[in-house]
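Have a look at the structure below before the remarks.
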Amino acid sequence: MGKSQDGGLYLIGLNHRQFDAENFEILPWQSDQLSNCFQQYLKEYKGQITILKTLQDIDSTADLCHFLAGKDARSLIIALLLNTLSRKRNNHKQSTFYNKQVFLFQPANKGSPDLIAA
């Protein structure tokens with residue numbers, strides 16, 4: 001499970017034996033108690049708990065704006081775009097590392113990512 005900074009969760013992983021629809025439904029969704037209650041839920045089903053790094057999740061427009069203003073957003077967005085482009089093009093030969101460097105070190109570039117990566 002991945003805890004979010006607001007007390008919720010950004011990732012949940014369950015085995016089908018650990019899922020009980022009735023008890024899962026009554027968890028305090030959209031509250032700051034979700035991560036604690038979910039841990040207790042897993043303990044009741046004798047589930048092994050792996051807790052990932054606590055991160056900020058995106059629940060609102062304000063959260064999204066905060067994320068996009070952060071230092072990690074640009075790299076993530078570029079990586080996602082490059083991954084998407086490389087899947088759509090069968091003749092994509094350049095490494096994503098090189099393409100990422102083009103975007104990271106040429107911030108004033110206003111050309112098409114497809115043209116630059118080609």
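Cluster partners of Ile26: none. The rule joins Ile, Leu, Val, Met, Phe, Trp and Tyr whenever side-chain heavy atoms lie under 4.5 Å apart, and it links nothing here.
For Asp57, the side chain to side chain contact (heavy atoms under 4.5 Å, CB included) partners at least two apart in sequence or on another chain are Ser4, Asp6, Tyr10, Asp59.
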For a side chain to side chain contact (heavy atoms under 4.5 Å, CB included) check, start with the C-alpha distance between Gln5 and Leu55, then their side-chain angles and the critical distance, and finish with the verdict. CA-CA 6 Å; Gln5 292 175 354; Leu55 298 172; 5.8 Å; no
Walk me through whether Gln56 and Phe67 qualify under side chain to side chain contact (heavy atoms under 4.5 Å, CB included). CA-CA 8 Å; Gln56 177 64 45; Phe67 169 74; over 6 Å; no
Checking side chain to side chain contact (heavy atoms under 4.5 Å, CB included) for the pair Gln18/Leu42: CA distance, chi angles, key distance, verdict? CA-CA 7 Å; Gln18 298 166 327; Leu42 283 179; 4.2 Å; yes
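Under a hydrophobic-cluster definition in which Ile, Leu, Val, Met, Phe, Trp and Tyr are linked whenever side-chain heavy atoms come within less than 4.5 Å, directly or via other members, Leu76 and Leu64 are assigned to the same cluster. Following chains of ILVMFWY side-chain contacts shorter than 4.5 Å, one can reach Leu14 starting from Ile51, so the two form part of one hydrophobic cluster. Follow the hydrophobic side-chain contacts under 4.5 Å out from Leu34 and you never reach Leu52; the two are in separate clusters.
Residue pairs meeting the side chain to side chain donor-acceptor pair (under 3.5 Å) criterion with at least one partner in residues 25-44, sequence neighbours excluded, are Lys3-Gln39.
Within the model, atoms CG of Leu27 and CZ of Phe38 stand 7.0 Å from one another, a figure rounded to the nearest 0.5 Å. The structure places CE of Met1 at 6.5 Å from CD1 of Ile49, a figure rounded to the nearest 0.5 Å.
Looking only at atom types and distance, the side chain of Asn23 has a donor-acceptor partner in the side chain of Tyr45 under 3.5 Å away.
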